[in-house]
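Note that the structure is a prediction, hence the values are computed from the model and not measured. Just so it is clear: chains get the letters A, B, ... in the order the sequence lines come, proteins before strands, and each one is counted from 1.
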Number of protein chains: 2
Amino acid sequence: MINTAEITDWREARRRAARDAIIDAAWSLVVEEGLAGLSLRDLARRAGITVPTVYAYFDSKNAIYDAMFGRAATEFAERMAEPFDSDDPREVLKATARRFSQFCTNSPAHYQLLFQRTIPGFEPSPESYAPAVGSLALARGRLALNGITEARHLDMWTALITGLVDQQVSNDPGGDRWTRLIDEMVDMFLAHCKSTRASRKPASRPTQVKGVHT
Amino acid sequence: MINTAEITDWREARRRAARDAIIDAAWSLVVEEGLAGLSLRDLARRAGITVPTVYAYFDSKNAIYDAMFGRAATEFAERMAEPFDSDDPREVLKATARRFSQFCTNSPAHYQLLFQRTIPGFEPSPESYAPAVGSLALARGRLALNGITEARHLDMWTALITGLVDQQVSNDPGGDRWTRLIDEMVDMFLAHCKSTRASRKPASRPTQVKGVHT
DNA sequence: GTCTATAGCTGGATAGAC
DNA sequence: GTCTATCCAGCTATAGAC
């Protein structure tokens, strides 16, 4: 005997698989052609379907961007959550920075969609955005292991790392002119935080997280 | 008696003025609507002319981007070259960073065109790019006044400053959550360079400038 | 759900009269 | 040099048959 709930589950699984396949095609296309060059025609062709079929699964192009964002954010969170070889807090921090930069330089398109806001009308939905928040908390914890807890220093950390990545992607794509500076940057940062502990006054006004960070 | 050289000069001045007016309109439009939203129709309307007239002065849309780049690079170079109140090298460096960030946060569109490479088929011509090279030399000189001469440290400097600006523009537009960290960042950077002088081995392989930096 | 066919629009760029 | 008028390519999105 078959109940209706089973049928519903089965249908929803099929539907999700189809959606996933479309997002697969979208990412493979965007990695090759760039984020701006994504068109529904090309996407449909790559996915082996037609444009109206795409619309059977996504309401609009922005809905596709949103699903792409969610996929990328999940992959990013998983990558950053993987365990490290070392237990030394400093090494963990360096490895974190290296992972982040590797993720971004491997695919500038991922970096662009997740961390820069370059697509005109698009903002990620809270659901797609959720995994990124977890990653930020993770980074906060790894900084805390190094005795860094001030909000000001967390902002400095994100600026340091994204600055390296940004220069690398913009001015030396495929190279390592900036990424090879990661270890030195982290050492500099840790030395600074240690030396200024309780010597500078902390940031006075409350800050709010608006974007995705390491 | 009128000679032909005078007539030629006069015509060229007129032509240059007309070109300038079009670039004026282009920038005013881009500052309002964003860099990606520039269309020749809107541009012509804003400039009070028609599309074919635009083509009488520019061969293509990319030629317009190039002229916009040249204008922005010149303004940037002039701004960065203005004298400072203090003679203290450290203060000069901080003021340099503040000026840079102010220029970028005042108009993210300028920042995007000059320092990020987000427009698909566009690369600036050497002529438009020239002023930026001068600014880089200027920054190198100001770092040298602080005893910083290694190429590695110059790259760290550009990463630090653009990182702050990037986070500011992306995640707290209109605010100062990151820009207010400039002084602390510069102090951290100077302390690091001082402490590592002749203690770390210098970067081994030669580096080449591909992009515009501070 | 998937297709063919097409609407409806906006983009860059041009022809040709004046 | 400046216009009117137009071309043509690309885009997102939809109507309607199956």
| Aromatic centroids of A/Phe189 and B/Phe189 separated by under 6.0 Å |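 Between A/Phe189 and B/Phe189, which both carry aromatic rings, the centre distance is not below 6.0 Å.
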| query | So, for A/His192 and B/His192, is the gap between ring centers shorter than 6.0 Å? | reply |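 Distance test on ring centres: not under 6.0 Å, no.
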Are [X] and [Y] within salt-bridge range, i.e. N to O under 4.0 Å?
X        : Y        : answer
A/Glu12  : A/Arg19  : no
B/Asp155 : B/Arg152 : no
A/Glu33  : A/Arg46  : no

| Just checking, is any N or O donor in the side chain of B/Asp166 or B/Tyr111 under 3.5 Å from an acceptor N or O on the other one? |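 The criterion, which ignores hydrogens and geometry beyond distance, is satisfied for B/Tyr111 and B/Asp166.
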| query | Going by atom types only, do B/Thr158 and A/Gln167 share a side-chain donor-acceptor pair under 3.5 Å? | reply |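 Yes, because at least one side-chain N or O of B/Thr158 sits under 3.5 Å from a partner of the opposite role on A/Gln167.
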| message | With ring pair (Phe, Tyr, Trp, His ring centres under 6.0 Å) as the criterion, how do A/Tyr65 and A/Phe58 come out once you've worked through the C-alpha distance, each side chain's angles and the decisive distance to 0.1 Å? | response | CA-CA 10 Å; A/Tyr65 278 130; A/Phe58 296 95; over 10 Å; no
| said: Counting only side-chain nitrogens and oxygens, does A/Arg15 get under 4.0 Å of the OP1 or OP2 atom of C/dG1? | reply: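 Indeed, a polar side-chain atom of A/Arg15 lies that close.
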Within [range], which residues have any heavy atom lying less than 4.0 Å from an atom of DNA chain C?
range                     : result
residues 20-31 of chain B : none
residues 33-57 of chain B : B/Leu38, B/Ser39, B/Leu40, B/Arg41, B/Val51, B/Pro52, B/Tyr55
residues 58-68 of chain A : none

| request: Show your working on side chain to side chain donor-acceptor pair (under 3.5 Å) between B/Asp172 and B/Gln168 and close with a plain yes or no. | output: CA-CA 5 Å; B/Asp172 182 35; B/Gln168 186 61 57; 3.2 Å; yes
| query | Can you say whether the rings of B/Tyr129 and B/Phe69 are parallel (under 30°), tilted (30 to 60°) or perpendicular (over 60°)? | reply |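 Parallel.
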